[in-house]
> 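I'd like to ask you about the structure that follows.
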Amino acid sequence: MTGELLTELRDTAREVIESEGFEAALTVTDKSSNTATVNGIATMHHTSIDAQTGLPVSGRQAHAIITIAALVEAGLSVFTDTLKPDLPVLRGFKVSFVDAFGKSQSFVVTDARPSATLGAVTCALGDKV
Amino acid sequence: MTMTASITTAIGSQKQEAVKERIALILSLEIAQQHTITSDTATKAMLATFMSGSTPKIYLDRDDPLQEEELNGIVIRNTSERYEDGSNVKKKVNAVYEVLVIGGAPATDSEHGDTIARRTVQRIAKIAHKILNSGYYVRLGFDVDYIGWRKVKDLETFVPKAANDEISNIVVTRFEVEVYFDDAAITAAPVTLETIVCTIEPNTGIYQVLNGVVDDVPEVPPVEP
């Protein structure tokens with residue numbers, strides 16, 4: 001039986017991610033081209049990365065935090081791997097949101113890091129044409 | 001003793017700088033030419049990502065971080081000069097220049113950005129490598145005695161740290177160009193040596209004349225006939 005505090009933690013995490021005032025509207029498209037809008041946390045910032053040549057490169061990093069429950073409830077196909085059907089598979093999902101400059105940014109999930117404890121997934125986002 | 005400056009020759013721009021600028025010029029001209037003449041649409045598109053209009057984006061001696069809007073680009077820097085034996089007139093120099101081909105790529109509907117970025121950067125780096133390694137540039141277009149030779153060396157490709165979280169999928173391919181040339185030294189007036197003139201008179205001994213002054217020299221026994 002799941003503990004009361006753990007259940008409360010998961011509920012609280014979902015509230016913070018989706019509806020406590022830090023959320024952004026994320027348009028998410030799964031690999032079957034189903035599209036839905038879910039709330040989540042989106043970040044994007046510039047940073048210098050070490051190019052390992054003595055010459056750093058200034059680049060952008062973008063992430064989105066989404067709950068798996070929100071994706072499933074929106075009708076997106078998340079558990080699609082036949083060999084590992086319990087694993088949320090999000091690499092290749094398309095995500096777009098409007099940034100602080102009012103510009104719409106489109107990305108593709110390059111690395112998904114689900115937390116089976118909280119039920120949320122942190123997605124590293126890559127540029128998409 | 002009071003010492004004053006001795007060198008009266010002004011020391012200006014150096015040969016290693018001219019070589020570095022020549023490498024940049026060759027790549028700029030030839031990459032633009034490749035973009036014009038290639039009939040392969042994929043290669044043309046890749047070359048275009050390294051150009052601003054019709055001009056390749058080549059950065060000479062760039063040490064500040066390359067900004068996102070400056071990518072994709074090629075950075076050329078000289079990294080070392082190794083001196084070999086020589087004389088006071090000239091030394092043999094091995095100068096090493098590095099060529100950094102840096103780029104990223106967005107994902108498309110059918111392909112992830114990391115795959116496109118790696119393929120693009122490696123293609124452009126190989127084109128730059130082939131240009132500098134071609135028979136047209138054995139002496140980098142200089143007169144025959146300006147440099148001895150150039151050697152275009154190994155390519156290595158790597159992904160910068162934190163690039164797995166980098167939305168542009170930055171990839172770098174690096175290679176070195178080693179150039180061998182003579183570097184002229186600033187020459188000084190030769191040291192004036194004292195002249196020694198010896199006159200041998202077999203029957204009377206040896207007399208030493210030092211700077212025109214006859215020194216006292218010990219008598220030596222006359223040589224027997």
Side-chain angles (χ1 to χ4, degrees), chain A residues 24 26-35 41-65 89-101 103-114 121-129, chain B residues 45 49 59-80 98-118 120-121 125 155-176:
Chain A
L26 308 175
T27 302
V28 183
T29 303
D30 67 16
K31 287 189 277 190
S32 300
S33 300
N34 303 308
T35 297
I41 291 174
T43 61
M44 184 169 69
H45 58 271
H46 278 80
T47 184
S48 279
I49 58 175
D50 180 358
Q52 299 182 51
T53 59
L55 178 66
V57 179
S58 179
R60 282 183 297 165
Q61 292 180 336
H63 296 87
I65 303 173
V89 178
L90 273 71
R91 186 170 189 264
F93 274 40
K94 299 177 182 68
V95 176
S96 63
F97 58 82
V98 177
D99 67 14
F101 307 132
K103 304 293 185 186
S104 179
Q105 304 283 353
S106 295
F107 305 98
V108 64
V109 176
T110 57
D111 185 24
R113 305 163 195 158
V121 57
T122 300
C123 299
L125 304 176
D127 255 344
K128 183 188 172 301
V129 291
Chain B
T49 66
Y59 305 96
L60 206 56
D61 290 335
R62 178 63 179 263
D63 291 323
D64 286 345
L66 273 185
Q67 301 297 289
E68 190 177 353
E69 66 273 14
E70 295 175 309
L71 296 175
N72 300 343
I74 297 174
V75 176
I76 296 165
R77 309 186 292 192
N78 64 306
T79 56
S80 67
E98 68 174 357
V99 179
L100 304 171
V101 181
I102 306 175
T108 64
D109 284 337
S110 58
E111 220 170 6
H112 277 275
D114 56 345
T115 307
I116 303 171
R118 181 171 280 262
T120 301
V121 167
L155 296 111
E156 54 181 346
T157 297
F158 41 90
V159 177
K161 288 174 184 168
N164 57 347
D165 264 6
E166 161 60 39
I167 70 170
S168 295
N169 300 293
I170 302 295
V171 177
V172 183
T173 293
R174 175 183 184 276
F175 66 87
E176 288 181 344

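Please read these numbers as outputs of a predicted model, since none were measured by experiment. Chain A is the first sequence line, chain B the second, and so forth, proteins listed ahead of strands; every chain is numbered from 1.
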> Please look at Asp64(B) and chain A and tell me whether the side chain, the backbone, both or neither of the residue comes under 4.5 angstrom of a heavy atom of that chain.
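Backbone only.
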> Under a 4.5 Å heavy-atom cutoff, which of Val108(A), Leu125(A), Leu55(A) has the most pairs with chain B?
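Of Val108(A), Leu125(A), Leu55(A), Leu55(A) has the most heavy-atom pairs under 4.5 Å with chain B.
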> Starting from the C-alpha separation in whole Å, work towards a yes-or-no answer on side-chain contact (heavy atoms from CB on, under 4.5 Å) for Val57(A) and Leu71(B).
CA-CA 9 Å; Val57(A) 179; Leu71(B) 296 175; 3.6 Å; yes
> Could you tell me which of Met44(A), His46(A), Arg91(A) has the largest number of non-hydrogen atom pairs under 4.5 Å with chain B?
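Answer, by heavy-atom pair count under 4.5 Å with chain B: Arg91(A).
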> What's the separation between atom NZ in Lys128(A) and atom CG in Asp109(B), rounded to the nearest 0.5 Å?
4.0 Å
> Could you look at Glu70(B) and say if it's the side chain, the backbone, both or neither that has a heavy atom under 4.5 Å from chain A?
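The answer is neither part of Glu70(B).
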> What are the two closest non-hydrogen atoms of Asp127(A) and Ser168(B), and how far apart are they?
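It is OD2-OG, 3.6 Å.
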> With a 4.5 angstrom heavy-atom cut-off, is it the side chain or the backbone of Val171(B) that approaches chain A, or both, or neither?
neither
